[in-house]
Amino acid sequence: MPDPATESDDRGDRLASNPPRPSASRRLAAATNGWTKGKPMTDTDIINSAKAALRGQRIETPSWGYGNSGTRFKVFPQEGVPRTPREKIDDAAAVHRFTGIAPTVALHIPWDKVDDYGALAKYAADQGVALGVINANTFQDNDYRLGSVTNPDAGVRRKAIDHLLECVDIVDATGSRDLKLWFADGTNYPGQDSIRARQDRLAEALRETYDRLGDNQRLLLEYKFFEPAFYHTDVPDWGTSYAHCLELGPKAQVVIDTGHHAPGTNIEFIVAFLLRVGKLGAFDFNSRFYADDDLMVGSADPFQLFRIMHEIVQAGALSPDAGIAFMLDQCHNIEAKIPAVIRSVMNVQEATAKALLVDADALTAAQRDGDVLTANGVLMDAYNTDVRPLLRELRADMGLDPDPVAAYRRSGYAEKIRTERVGGQAAGWGA
Ligand code: RM4
Ligand code: MN
């Protein structure tokens with residue numbers, strides 16, 4: 001049986017028994033080298049529609065990714081790090097200038113607290129970007145030692161809920177659409193608190209927040225299976241998040257943070273499941289080796305990222321109209337931050353390009369025929385395609401430099417912020 005995964009020597013046999021359907025990399029060559037002559041139109045169509053989809057792709061960057069960060073052992077400060085929300089917006093705007101597909105920046109409250117959010121939104125617009133998802137923070141106050149919205153103390157719960165409501169006000173003021181919630185809540189010891197009562201408290205807090213949302217606003221609920229609580233977490237997994245979102249209503253959706261799963265978890269299954277039921281609201285993209293490392297997305301396991309994007313593409317959920325917020329949730333502890341964010345955006349873009357090159361017709365046919373190896377081969381063929389020439393061409397079409405990282409390095413922006421941002425308090429965890 002022909003195996004499309006090996007696209008070289010057995011090609012003659014394949015072409016003899018199958019219609020002349022070029023592999024993904026040959027289709028790509030067709031688009032970039034004018035190889036289309038005599039080949040089915042559909043192949044060029046795949047390339048063109050891939051390019052159109054890539055042109056419309058949107059990836060949101062996190063304001064906190066531009067600040068100093070580190071581990072609990074050490075934060076290594078960097079020069080030129082932003083000191084204010086406006087300076088973080090400047091950096092996000094720089095990433096967008098070089099990538100062309102990162103026009104929004106997520107804020108974290110209170111890290112990005114300002115007096116006038118309307119003015120901040122206007123400032124962002126003047127820099128060529130918009131403010132995106134508003135992230136609440138109920139994990140850094142002394143009061144939250146035993147939890148925030150699930151704390152046994154009603155007064156602490158009230159304080160946490162008030163913060164969530166304040167964040168909805170900020171969603172209003174910034175013109176954003178989404179409020180994103182991640183809770184550090186949980187317990188460290190069996191018996192420490194009632195797991196079940198904490199679920200009731202969580203449901204109450206979510207309900208009050210949900211009811212405060214405007215018609216076009218959403219509550220996005222993130223999950224994480226451990227840390228900082230280690231015995232149990234109150235929203236440990238997608239099932240818990242999904243159940244709460246279902247109970248809340250249509251404006252509540254699940255956030256998948258790729259770093260928040262146990263090793264070996266099949267994240268693309270979660271993506272497929274939630275897409276099918278209309279409950280996938282957003283991604284927090286990053287890469288992990290061991291824990292919640294928040295390293296550059298696609299760096300450890302680009303194949304996993306491809307498999308995730310394949311589910312997105314197959315479900316027609318890539319376009320911004322589908323309503324899924326594709327965000328990065330990363331920190332750059334030892335590497336230069338802005339080029340690392342640029343690289344991360346490109347990693348998502350590359351995985352997406354490969355997913356767009358999957359020959360969906362061939363895949364469906366192989367799946368229908370129960371042809372396991374061909375089906376897997378179709379997927380691998382797309383994954384093994386070098387999409388960098390296509391993306392370079394796309395960027396040139398978009399009026400961008402084909403090599404965003406090199407263009408950033410040449411731009412002088414890094415030197416500029418290094419000399420300008422002297423004094424003041426650099427943004428960061430400050431650990
Ligand atoms: C959390 C979670 C949230 C992010 C914070 C900074 O672990 O992933 O999404 O807002 O980190
Ligand atoms: Mn996250």
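First listed ligand is number 1; within each ligand, the first listed atom is number 1. This is a predicted model, so every value here is computed, not measured.
- The residues Glu350 and Arg388 are annotated as not salt-bridged, no charged nitrogen and carboxylate oxygen being separated by less than 4.0 angstrom.
- With hydrogens left out, the protein atom closest to atom 10 (O) of ligand 1 is His108 NE2, 2.7 Å, a heavy atom.
- Of all protein heavy atoms, the one closest to atom 9 (O) of ligand 1 is Glu222 OE1, 2.7 Å.
- Looking only at heavy atoms of the protein, atom 1 (C) of ligand 1 is closest to Trp182 CE3, 3.5 Å.
- Between His310 and Phe306, the ring-plane angle classifies as parallel under the 30° and 60° cut-offs.
- A donor-acceptor contact under 3.5 angstrom links the side chains of His261 and Tyr223, judged on distance only.
- Residue pairs that meet the ring-ring contact (aromatic ring centres under 6.0 Å, His included) test with at least one member in residues 313-341, sequence neighbours left out, are Phe283-Phe326.
- In plain terms, the two heavy atoms of Val149 and Arg157 that are nearest each other are O-CD, 3.2 Å.
- Counting heavy atoms closer than 4.0 Å to ligand 1, residue Asp284 contributes side-chain atoms (C-beta onward) but none from N, CA, C or O.
- For the pair Gln330 and Leu295, the minimum side-chain heavy-atom distance is 4.5 Å or more.
- The nearest heavy-atom contact from the protein to atom 4 (C) of ligand 1 is Asp329 OD2, 3.4 Å.
- The aromatic rings of Trp182 and Phe139 lie perpendicular to each other, with more than 60° between the two planes, well past the 30° mark.
- Around the Mn ion (ligand 2), protein N, O or S atoms at a distance under 2.8 Å total 4; waters are neither shown nor counted.
- Ligand 1 has at least one atom lying under 4.0 Å from a heavy atom of His260.
- Side-chain atoms of Ile47 and Leu357, non-hydrogen and from C-beta on, do get closer than 4.5 Å to each other.
- Below 4.0 Å from some heavy atom of Asp257 lie the following atoms of ligand 1, by number and element: 8 (O).
- Annotation: side chain of Leu221 is not in contact with side chain of Val255 (no heavy-atom distance under 4.5 Å).
- Both the sub-6.0 Å distance and the 45° axial angle are not jointly satisfied by Arg288 relative to the ring of Tyr290.
- Contact annotation for Asp292 and ligand 1: only side-chain heavy atoms (C-beta onward) come within less than 4.0 Å of the ligand.
- Shown in contact with Lys180 at under 4.0 Å from a heavy atom are these atoms of ligand 1, numbered in order with element: 9 (O).
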